[in-house]
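Side chains are part of it too, since the values below use all heavy atoms of this structure and drop only hydrogens, waters and symmetry mates. Here the structure is a predicted model, which means the values were calculated and not measured.
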Amino acid sequence: MKSAPKVYDHKKIESKWQKEWEKKGAFKAVTGSKKPKKYALSMFPYPSGAGLHVGHPRGYIANDVYARLMRTKGFNVLHPMGFDSFGLPAEQYAIKTGNNPKVFTDQLVKQYRKQLDIIGFGYDWSRQVATHRPEYYKWTQSIFLKLYGSWYNKAKDRAESIDDLVKILEKSGNGKVNAVCGADTKIVTGSEWKKMSELEKHNLLMKYRLAYEGESEVNWCPELGTVLANDEIVDGPNGTQVSERGGHLVEKKSLRQWFLRITAYADRLISGLDTIDWPSHIKEIQKNWIGRSEGVQVKFEIRRVNLSSVIPAEAGIQSENSNLDPRIREDDNAREGLSIEVFTTRVDTLFGVTYVVIAPEHELVKKLLDSVSNKKEVEKYIEEVKNKTAEDRTAENKEKTGVALKGVTAINPANGEEVPVWIADYVLASYGTGAVMAVPAHDDRDFAFAKKYRLEIKHVIAEDKVHNSGALKFRPNEPIVKRSVIRAVVKHWSEDKYLILNWKDHNWNTFISGGVENDEDLIESAKREVEEETGYMNLKFIREIGSPFKVKFYAPHKNQNREDIQQGLCFQLIDSEQKEVVEDEKTKHSFGWVEELKIKDTVEEGIIDSVLWKRIQSENFVSIDDGVLINSGKFDGLSSEEARKEITKAVGGKFVTKYKMRDAVFARQRYWGEPIPLIHEKDGTIKSLKEKDLPLELPNVKSYAPTGNAESPLSSVKSWVKAGYETNTMPGWAGSSWYFLRYMDPQNKKYLASEKALEYWGQVDMYVGGAEHATGHLLYSRFWNKFLHDLKIVPNEEPFKVLRNQGMILGADHRKMSKRWGNVVNPDDVVKTYGADTLRVFEMFIGPFDSQLPWSTDGIIGSRRFIEKVWKLQYKVVDKNNLPSNFLSLNHSGTNDSGGSRMAKILQGKYENTLHKTIKKVGEDIESFNFNTAISAMMICLNEMEKSEFVYKEDFEKFIQILYPFASHVTEEIWSLLGNKKIIQDSGWPKYDPKKLVNDTIKLMVQVNGKVRGELVVSGDIKEGEALELAKNSESVSKWLEVGEIIKVVFVPGRLINIVVKIGS
RNA sequence: GCCCGAGUGGUGUAAUUGGUAGCCACGCAAGACUUAAAAUUUUGUGGCCUUAUGGCCGUGCGGGUUCGACCCCCGCCUCGGGCACCA
C-alpha cells in the first residue's frame, strides 16, 4: 500500500479527480444500453447576473448523490444539466445597458458552468441544452405549431389534428362535435361551413385550436412593459399585486393574446396525479389551482314587472307555488330569451334561494337595463365596478357591495317562488355562468351579503346528528318518536352570562329545551319553556341560531328513542321578574347561570349545545355542511347527496364540471423570448411557418426596451412586420416545458428527439427542484407532455415519475438570501476554503432535504472535520493477511495474544455491526432522500472505527464506497491510495451482511408502571419469564416493586419489560 | 376566511412510526498539548434538587385513550406555505 500524504489537500484532490472523471467519460449516458436506466434530472437554472448562492446547489447535490449511487449500483444514468436562458433579467439588463442579451446570456452560461463545475457534479455535459439557442428553440417553435394545428376531441379524450376537424366540418358541421372550445363557438352545418369565407373558416377553427388567439384581460405591468402570468405575480404591500421579478405594480388590461388551451387537459392533469410519486402538498396545490368542481346548471326564469303589460304571455308564469312544467318555461325562454342560468354545487339548497345575483359585467344585465326602475343606480354601480382595480377588489374583500335590479325577479324552478335579482361584484363573470343562486342560510358569502342588505334567510338543510355513545346512545332498532324541539340560549338582562338547566337525576347541564306543542310558534314555545323551568317571564327574542339540527338519540328520562328537529333560538331577558317555579317531579330540573360555557363540564354529551354555543361566539350562523333537507316540499327528509340528484332531475338542470384554472396566456411583449412562428396574412387569416423553415430566428433590434404601448420591440423591426410575423414572443416557461425530452437526444437535427431515445429514457425517474414551480413549470410540463403523448411522440403521459423538492437555504439571519440583506454566501468561496466535498456533505447534513434552513457558517466546520477524520483513518488501516508487527502486542481487553485471528475478531467486533448497519442505512436513506440521517449514520460509524486501534482495509473500503456519493473526490483519492485501479463508480455498491446487523446482546429496558427503573444487558432472544426474574432480582428495580402486588407484565421482545404494580392494597 | 404542513436543549436536528426523548453535529465549559494562540485531542453539556448514589420535571398549551404517548383522538395557541369572493 502506498503511504498516504499527511495533509488533506482538497484543492489538489478535487481538481485531479474532476479531470480524471472527465477523461474517463465517467458520466456519459448511453442511449440504448442494456443496463437498466435511471433518468435523474434537476431543474435547470435561470442564469442571472447574481450568480449562484449556496442555496441553489442543494437540489443539484442531492440529485448528484442519487445519480452517483445509481451508477455505482450498475444503472445507466442520464444526469444532464442545461440553462433556462430566455427571460426577463437578461432582457432587463439589455435594456439598461443597451447590450445584446444574447451576448450577455452566453457569458452568464459560461460563468454558471464554471460555478457548477467546481462543486464536482457528475453531469453529462455533452448533452447540455440552452433554451435561447436557435437549434433548441427550433423545437419549442415546432411544438407550438403542433399545438396550433390541434384541437381537443372530448369524445376520445385526446388532442387530434385540426385537419381531422376540418374533414368533420365539411361532412356534417360541428353540431355533434364534442370538443373543448371557445364558449361562443358558432354551430354550423356541413353546407354552411362550405359556404363560409376563408376568414370565417379561419375564425371558427381558432375557437378549437389548442394554441389560439383571443382577447383577454391580462395582468399588465407598465414598468416592465409586458404582460405577466398569474404565477409571475405576487402580493405586494397594501393588497396590491406586483411582479415577482422587480416588484413592479400590476394592473388589468385587455389585450390581443395567444393562449394555450390547458383547460382541455384539466381532468387529466388531476387524475394523472394519482399515478406519480410527488410530495402530497405539490399535488394539493395543483389540484386547488385547477379547482375542479362538479355542480349543476339551473335555469331561473326572469320576470320583468314593468313589461308584463307589454308581453301578456308572461303574466301566466307568476302564479304562486305552482309546480311549473319546465317545457312551458323553455318555450317562454325561447320567445323572450330571458332566463338566467346559474351554476351551483349545492342544488340540494335550491329551496333556500332567496335572491339571485348576476355579475355586473354579465350580458344579461344590458338586456335587463331598460326594464329596471332604478336604471341610473345600476349603471352607476356598473361603472364603479369597472373602475375598480384589482387592489380595490381585494381590499374590499370583506365588505360586499351590490345593487338590486328593481322591477326584475327570478322564478325559482323548484317552487315557483319569485325572488329579487341583484348585481354584485362578488360574483365573477368569468367563472361558471356568471350568475349564482343565493342561499344565505348555507353559504358564507351569500350570508354576508344578505345580512348587509337585509335579505331573507331560509334554512333548508338540517345538520344530521346522532348520539352514538353514552346514555343518549340511539337505538336504531327501537320505535322512534319524532318531535319538533327548541333549544333556547337565554342571556342575563345585564351581565354576560346564560341560563343553564340542570337535570338532577342525570347530572346533565343543557340549555333550556323542550318539545313544541301543537300549533305553537317556536318562539312562543321557547318562552313557555323558559317560564316553566326558570320562572323568568319577560324575554326578548334576538335571533335564530343558524339552521336546525336533526338529532337522533335515546331519552333515558322518558325511555324514548327520539328523532328531533331542534332549532336553536337566542333570547335576552328584559328584567328579573320571575314567578315561583314548581319543581318538576319527574325530571327535577334546577337552573343556574353560566358565564363562560365550558361545554365539556356543563353540557352532557353536548353535541347540539356546543355547536349552538360556538355559533353564538363566532357569530357564524351559516351551516355549509351536507345534511337532511327541510322546508323543501316533497324532498324533505332526503340527504343532501340524494337531493342533488332528485332536484336536478325535477327542475331539468344539467350536471356540469367547472374549473378555476384558465387557459394560459402564451404571449409576452418582449424581445428576449422565442418568436412565435406564425404569419399574419393581409386577409386577416394566420398561416403557420413550415417545419422546414424553423427556427424562425430572433432578429436584431435597435432597442430592447418595451414600446410601452403593449407591443413587443419586434414591432419596430420593419422587415419583421412586413413579413407578417407575429410580434409577440413566447413566455419564459415555453422552453422549460419540454427540455427534459431534449436531453435524451440533444443533437438531433430531424426530431426533437429520436423515437429510440424517447422510448429508451421514457420519463424522468427522479426530478429535483424547488416547490415554487408547482403551478407554473410543473403544471405546464405535464400539459405539454400529455399533448405530445396524444400525438404519440412521447411514450408516457407523465413527464416526472418522482418529484422531490429542496427547501430553501436562508441566510444565517433566517432571512431569504439576497444582496439586500447582505447575507449571501457564495459557493465558490466555500469550495475555496473548505472544498467541494465539505460543501456537499454539509448541504446534505444541514437538515431534512425539504425543509427551509438557515445557513450556518459555524456548522460547516463539522463537515470539514468529518472529512479530515476520514482522511486520517487511512493511517489505521491494516491488511488482514499482512498484519503489522505491533498488532499482536497490543493488549486488547486483557486477552493474551494467543492468536492473530482471535485478536482480529475482537478488533473487528468493535465496529463491524455498526458498519453493516450503516451500509444498509446509507443506501436506503439516499433513495428516500433522507441525506441528513445517512451522514449522521456515517459519522457514528466513523467514530466507532476511530476508537479501534486498527481498521481492516476491506472494512475501510466499504466505508469509503458508501461515502462516495457525498464526498466524491476525497473518497476517490483514498480509494486509489488503497490500491484500487477502477474508480469507485465502477466497483459496485457494497453489500451488507444481514447476519451482522443483529447484536448478540441487547439492552432491555425495565419499566415499573411505565417509568424506566433499570436496564438489563441480556441476549437478544431472552424470553419473558427469564427477563422478569432478572428484573425482580435487580437492585434498582426491586425497590420499586415493593409498594404493591404485580398485576400485569408487558413484555416487548428485544426492547423492554414493563411491570405494572398495583399501589397500596 | 378556507385548505395543507410544522412546533423537541443555547442552535441545526434525531427517535426503529406506540416502547430508554435528545442520536449526530454546531456552540459552550473544563482538562491535555503549546512560551502563547490557533489547530488537534479528552471529558462534560435539557432543567431543577442532591457530595455522589439517586430523585422530580420535561417534546407549543389544555384534556383524553393506553401498562406505556414527541407519535393516536378531541379542543386551543403560534409559525410557515397555498388559495383568496371560483358559487
[N] to [M] separation - [atom1] atoms, rounded to the nearest Å:
N	M	atom1	answer
B:G10	B:C4	P	33 Å
B:C76	B:C85	C1'	28 Å
B:G9	B:A25	C1'	14 Å
B:G75	B:C71	P	16 Å
B:G18	B:C56	C1'	25 Å
B:G7	B:G60	C1'	6 Å
B:A37	B:C48	P	30 Å
B:A29	B:U17	P	40 Å

Taking the minimum atom-to-atom distance to the side chain of [X], which one of [options] wins?
X	options	result
A:Pro854	B:C24, B:G12, B:A87	B:G12
A:Trp1040	B:G55, B:G68, B:C24	B:G55
A:Lys872	B:U40, B:G19, B:A87	B:U40
A:His281	B:C4, B:A87, B:G12	B:C4
A:Phe845	B:G19, B:U40, B:G12	B:G12
A:Val1050	B:C67, B:A87, B:A25	B:C67
A:Asp858	B:C24, B:C26, B:A21	B:C26
A:Arg1013	B:C56, B:U41, B:C85	B:C56
A:Pro848	B:G19, B:A14, B:C26	B:A14

Nucleotide opposite [N] in a Watson-Crick or G-U pair, distances under 3.5 Å:
N	value
B:G68	none
B:C76	B:G60
B:U20	none
B:C33	none
B:G27	B:U45
B:A87	none
B:A39	none

With syn meaning chi within 90° of zero and anything else anti, the base of B:U17 is syn
Taking only side-chain nitrogens and oxygens of [X], does any of them come within less than 4.0 Å of OP1 or OP2 of [N]?
X	N	answer
A:Trp289	B:A84	no
A:Lys1011	B:A21	no
A:Asn932	B:C24	no
A:Asn943	B:A25	yes
A:Ser293	B:A87	yes
A:Arg865	B:U40	yes

- Base, sugar-phosphate, or nothing: which does A:Ile860 touch, judged by heavy atoms less than 4.0 Å apart?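 Nothing, no nucleic acid heavy atom in range.
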In terms of ring plane angle, is the pair A:Phe447 and A:Phe621 parallel, tilted or perpendicular, where the classes change at 30° and 60°? tilted
### Task
Using a cut-off of 6.0 Å, state whether more than 12 heavy atoms not belonging to A:Ile861 lie near its atom CD1.
yes
Assign each of A:Lys921 and A:Ile935 the nucleotide of RNA chain B bearing its closest heavy atom; nearer the 5' end lies the nucleotide of A:Lys921
Residue mapping more 5' on RNA chain B - nearest nucleotide basis, A:Ala937 or A:Glu284: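 Nearest nucleotide further toward 5': that of A:Glu284.
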ask   = Any chance the rings of A:Phe449 and A:Tyr355 have centres within less than 6.0 Å?
value =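 So the answer is yes for these two rings.
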_Determine whether the aromatic ring centres of residues A:Phe931 and A:Phe929 are separated by less than 6.0 angstrom._
yes
Measure the shortest side-chain to side-chain distance between A:Phe866 and A:Phe845 over non-hydrogen atoms and say whether it is less than 4.5 angstrom. no
**Q.** Carboxylate-amine/guanidinium contact A:Asp626 A:Arg346, below 4.0 Å
**A.** yes
> Under 3.5 Å, is there an N or O donor on one side and an acceptor on the other linking the side chain of A:Arg1055 and the base of B:U16?
Replying inline: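 Check passes, donor-acceptor contact within cut-off.
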Quiz item: Has the side chain of A:Lys660 got a donor or acceptor that lies under 3.5 Å from a partner of the other kind on the base of B:C83?
Solution: no
query: Can you tell me how far CD1 of A:Ile282 sits from NE2 of A:His773, rounded to the nearest 0.5 angstrom?
result: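 With rounding to 0.5 Å, NE2 (A:His773) is 10.5 Å from CD1 (A:Ile282).
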Quiz item: Which pair of heavy atoms, one from A:Glu294 and one from A:Phe343, lies closest together, and at what distance?
Solution: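 Taking A:Glu294 first and A:Phe343 second, the nearest heavy atoms are C-CZ, 4.4 Å.
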